[in-house]
Amino acid sequence: MKHLIEKTDRDPTAFEMRVYDAVREVPPGRVTTYREVAERIGCGSSRAVGQALRRNPFAPEVPCHRVIRSDMTMGGFKGREMGAVITEKIKLLEYEGVRFREGKLSDSEQLFLY
DNA sequence: GCCCTACATCAAC
DNA sequence: GTTGATGTAGGGC
């Protein structure tokens, strides 16, 4: 399979490290947004955060499922925009105390702000 | 060094 | 639905 055009594993950059570190600060029963993480690490770019989380070499130590959009939706997960993966993560979050409703965060008060 | 592409976004239309 | 903008990283030249 490895032949050409394969980004595969590259070592985490300093920027990605900051992202993972910020996400790990989120306690159980709490969620945060890409924007919050971006601001936390000193950048206004939420997509850079998304890229780092997508690669997430620290999973499941880094709970990417606790990072949601500013729209309170899951947006995407592991390359999937929706599906059984999303549903399972929502169930997991609900077990931790985070309430979701139809793929959206029910209470914005559960957002973890830095 | 510069330009292009991709990204799990955001904002505006 | 679309486009443009943001920041980061990879690849090609």
Side-chain angles (χ1 to χ4, degrees):
Chain A
M1 297 205 288
K2 306 101 213 303
H3 195 231
L4 294 173
I5 187 171
E6 195 169 329
K7 302 198 171 183
T8 45
D9 321 274
R10 54 170 227 278
D11 296 314
T13 62
F15 177 78
E16 290 176 341
M17 287 296 194
R18 271 171 257 165
V19 175
Y20 304 137
D21 190 55
V23 176
R24 272 183 305 188
E25 285 186 51
V26 182
R30 289 275 198 153
V31 290
T32 190
T33 63
Y34 291 102
R35 188 182 279 180
E36 286 298 320
V37 176
E39 284 187 30
R40 158 69 168 164
I41 62 182
C43 292
S45 176
S46 44
R47 345 183 160 174
V49 178
Q51 272 189 114
L53 263 54
R54 186 194 183 209
R55 303 203 34 80
N56 195 2
F58 293 91
E61 186 179 334
V62 178
C64 18
H65 57 272
R66 281 189 199 143
V67 186
I68 63 176
R69 283 200 203 178
S70 306
D71 191 62
M72 301 301 173
T73 63
M74 280 300 186
F77 209 73
K78 296 199 298 189
R80 299 290 191 191
E81 293 186 358
M82 257 204 164
V85 192
I86 306 291
T87 311
E88 287 300 304
K89 295 306 172 188
I90 293 176
K91 280 179 62 178
L92 209 66
L93 286 169
E94 284 184 328
Y95 188 79
E96 292 180 354
V98 185
R99 291 171 296 189
F100 274 87
R101 185 159 183 154
E102 298 182 12
K104 286 187 180 180
L105 183 66
S106 189
D107 289 320
S108 56
E109 295 182 6
Q110 295 180 309
L111 279 174
F112 178 73
L113 304 179
Y114 297 98

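Lettering follows sequence order; numbering is per chain, from 1.
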A.B. asks: Output the residues of residues 33-46 of chain A in contact with DNA chain C, where contact means a heavy atom of the residue under 4.0 Å from an atom of the strand; sort by number or write none.
C.D. replies: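 When residues 33-46 of chain A is checked for heavy atoms under 4.0 Å from DNA chain C, the hits, listed by number, are A:Cys43, A:Ser45.
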A.B. asks: If each of A:Gln51 and A:Ile68 is mapped to the nucleotide of DNA chain B with the nearest heavy atom, which maps nearer the 5' terminus, i.e. the 5' end?
C.D. replies: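 Its nucleotide being nearer the 5' end, the pick is A:Gln51.
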A.B. asks: Rounded to the Å, how far apart are A:Met72 CE and B:dC10 P?
C.D. replies: 10 Å
A.B. asks: Grab the CZ-P distance between A:Phe15 and C:dT6 for me, whole Å please.
C.D. replies: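 That distance rounds to 16 Å.
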A.B. asks: Using atom CZ of A:Arg54 as one end and atom P of B:dA6 as the other, report the distance to the nearest whole Å.
C.D. replies: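 From A:Arg54 CZ to B:dA6 P: 12 Å.
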A.B. asks: I want to verify a distance call: between C:dA9, C:dG7, B:dT9, whose nearest atom is closest to the A:Arg69 side chain?
C.D. replies: B:dT9
A.B. asks: To the nearest Å, how far apart are A:Arg55 CZ and C:dG10 C1'?
C.D. replies: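 So the two atoms are 10 Å apart, to the nearest Å.
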A.B. asks: Quick one, A:Pro28 and A:Arg66 - any side-chain contact, counting heavy atoms below 4.5 Å?
C.D. replies: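 Yes, at least one pair of side-chain atoms sits under 4.5 Å.
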A.B. asks: What residues form a salt bridge (Lys or Arg N to Asp or Glu O under 4.0 Å) with A:Arg35, not counting sequence neighbours?
C.D. replies: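 Once residues adjacent in sequence are excluded, A:Arg35 has no partner under the salt bridge (Lys or Arg N to Asp or Glu O under 4.0 Å) criterion.
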A.B. asks: Kindly express the pairing pattern of DNA chain B in dot-bracket notation, using | wherever a base pairs with another strand and counting only Watson-Crick or G-U pairs under 3.5 Å.
C.D. replies: |||||||.|||||
A.B. asks: Report the residue from A:Leu93, A:Val85, A:Leu105 that forms a side chain to side chain contact (heavy atoms under 4.5 Å, CB included) with A:Met74.
C.D. replies: A:Leu93
A.B. asks: A quick test of your reading: do over 12 heavy atoms of other residues, nucleotides or ligands sit less than 6.0 Å from CZ of A:Arg80?
C.D. replies: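 Not buried by this count: 12 neighbours or fewer within 6.0 Å.
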A.B. asks: At their closest point, which heavy atom of A:Gln110 faces which heavy atom of A:Arg99, and how far apart are they?
C.D. replies: OE1-N, 3.3 Å
A.B. asks: Atom CE of A:Met74 to atom P of B:dT9: distance rounded to whole Å?
C.D. replies: 13 Å
A.B. asks: With a 6.0 Å cut-off (strictly less than), is the heavy-atom count around CD of A:Glu94, excluding the residue itself, greater than 12?
C.D. replies: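 Atom CD in A:Glu94 is packed in, count exceeds 12.
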A.B. asks: A:Val37 and A:Val19: side chain to side chain contact (heavy atoms under 4.5 Å, CB included), yes or no, with the steps?
C.D. replies: CA-CA 7 Å; A:Val37 176; A:Val19 175; 4.2 Å; yes
A.B. asks: Taking atom P of B:dT9 as reference, at what distance in whole Å does atom CZ of A:Phe77 sit?
C.D. replies: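 My rounded result for the distance is 12 Å.
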A.B. asks: Mind listing the closest non-hydrogen atom pair of A:Tyr20 and A:Pro57 along with its distance?
C.D. replies: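 For A:Tyr20 and A:Pro57, the tightest heavy-atom pair comes out as OH-CD, 3.1 Å.
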A.B. asks: When the distance from CG of A:Asn56 to P of C:dA9 is rounded to whole Å, what number comes out?
C.D. replies: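 Taking atom P of C:dA9 as the reference, CG of A:Asn56 is at 16 Å.
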A.B. asks: What is the distance, to the nearest angstrom, from the CD atom on A:Glu16 to the P atom on B:dC7?
C.D. replies: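 Distance check: A:Glu16 CD to B:dC7 P gives 15 Å.
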